[in-house]
Number of protein chains: 2
Amino acid sequence: MSDRDYLGEFEHIIVLALLRLEDRAYGVTVRQEIERRTNREVSIGAIYATLDRLEAKGYVKSRRGDPTPERGGRSKRFFRVTAKGMTAVNRTHRALHRMTEGLDLIRSYS
Amino acid sequence: MSDRDYLGEFEHIIVLALLRLEDRAYGVTVRQEIERRTNREVSIGAIYATLDRLEAKGYVKSRRGDPTPERGGRSKRFFRVTAKGMTAVNRTHRALHRMTEGLDLIRSYS
DNA sequence: ACATTATCTATACAATATAGAGTAAATGCT
DNA sequence: AGCATTTACTCTATATTGTATAGATAATGT
């Protein structure tokens, strides 16, 4: 909860998905984005549980969307990363980067 | 446990520390390396618990070292990353990289 | 042998990750 | 209106990971 915390592995992935999706980020698209980019199958329950936790910590914020003119479907809950969330991703990245730099055994991040 | 798993956030940091320390990696040096590079304080218990878990999963292996000619001190338990461990770090990196690429909001890894 | 130093082990608890079933909201059709 | 269909979210339960604290072990010098 403190401002020194790092994002968990999956929290990290989810925040990155939100950043990529910008204003199109809600449960279903977040799941798709992750599955497409990483070939990792994730349950929808895992997505929401993590989004809720991130929101409780103030790293993301959600708002209810208006219904779309599609065939049906409940209205969406859109998510965006807060400034505090951005700080947390950057802190996490920085730590990973500091631990990785100079290591050539590893496929580099860049 | 399966060969599709990703490293948790702290597991990841620890494996990277082992890779950096090469043959000097044991509890105390792992802790120092992490604290120095990331300014993150970690308890020694956290380190060992994670190392044990990583060993149980086959990502690292440990061996008992001989006593050194220092003032005292129990003999060390050295750790190294296994091939399976390397695969796991790389899988984790790849996922992170795929989720990060193209995002300029974020301080890049490279 | 005992005090000192360094390191590791055991245990317990909190936070995070995951799955799956169930519920809700919207639309189109009859 | 009532109901089926579609899309999306919520709830509950459990497993795994992350963390701290306290205590046990092993080696050395006096």
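Below, each value reflects all heavy atoms present in this structure, side chains not excepted, and no hydrogens, waters or symmetry copies. In what follows, every chain begins at residue 1, and chains take the letters A, B, ... in the order their sequences are listed.
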What is the separation between atom [atom1] on [X] and atom [atom2] on [N], rounded to the nearest whole Å?
X	N	atom1	atom2	value
A/Leu7	D/dG18	CG	P	13 Å
A/Leu54	C/dT18	CG	P	13 Å
A/Tyr26	D/dA8	OH	C1'	8 Å
B/Gln32	C/dT7	CD	C1'	12 Å
B/Ile14	D/dT19	CD1	C1'	11 Å
B/Leu51	D/dG18	CG	C1'	13 Å
B/Arg31	D/dG18	CZ	P	17 Å
B/Phe78	C/dT7	CZ	P	10 Å

My understanding is that only residues two or more places apart in sequence, or in another chain, count here; which of them pass ring-ring contact (aromatic ring centres under 6.0 Å, His included) with [X]?
X	value
A/Phe79	none
A/Phe10	none
A/Tyr6	none

Given B/Arg31, B/Arg36, B/Arg37, the one that forms salt bridge (Lys or Arg N to Asp or Glu O under 4.0 Å) with B/Glu33: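 The single option meeting the salt bridge (Lys or Arg N to Asp or Glu O under 4.0 Å) with B/Glu33 is B/Arg37.
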
B/Arg64 side-chain N/O to D/dA26 phosphate OP1/OP2 under 4.0 Å: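 Answer no for this pair, as no side-chain N or O of B/Arg64 is under 4.0 Å from OP1 or OP2.
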
Most 5' of A/Ala46 and A/Ser75 on DNA chain C, judged by nearest nucleotide: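 Between the two, 5'-proximity favours A/Ala46.
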
5'-most by nearest nucleotide on DNA chain C - A/Ile44 or A/Arg74: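 Closest to the 5' end, via its nearest nucleotide, is A/Ile44.
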
From D/dT19, C/dT7, C/dT18, nucleotide with atom closest to A/Thr50 side chain: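 Selected nucleotide (nearest to the side chain): C/dT18.
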
Residue B/Lys76, side-chain heavy atoms: nucleotide from D/dT21, C/dT18, C/dT7 that is nearest: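 Minimum distance to the B/Lys76 side chain belongs to C/dT7.
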
Tabulate atom names and distances for all N/O pairs under 3.5 angstrom spanning the protein and nucleotides 11-16 of chain C.
{"residue": "C/dT16", "atom": "OP1", "partner": "A/Lys57", "partner atom": "NZ", "Å": "3.0"}

Set of side-chain hydrogen bond (donor to acceptor under 3.5 Å, both in side chains) partners for A/Gln32, sequence neighbours left out: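 In terms of side-chain hydrogen bond (donor to acceptor under 3.5 Å, both in side chains), with neighbours along the sequence ignored, A/Gln32 is linked to no residue.
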
Selection residues 9-19 of chain A - residue pairs positive for salt bridge (Lys or Arg N to Asp or Glu O under 4.0 Å), sequence neighbours left out: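 Counting only pairs at least two positions apart or across chains, the salt bridge (Lys or Arg N to Asp or Glu O under 4.0 Å) contacts touching residues 9-19 of chain A are A/Glu9-A/Arg40, A/Glu11-A/Arg53, A/Glu11-A/Lys57.
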
Aromatic ring pairing A/Phe78/A/Tyr26, orientation class (parallel under 30°, perpendicular over 60°, tilted between):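 The rings of A/Phe78 and A/Tyr26 stand perpendicular, inter-plane angle above 60°.
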
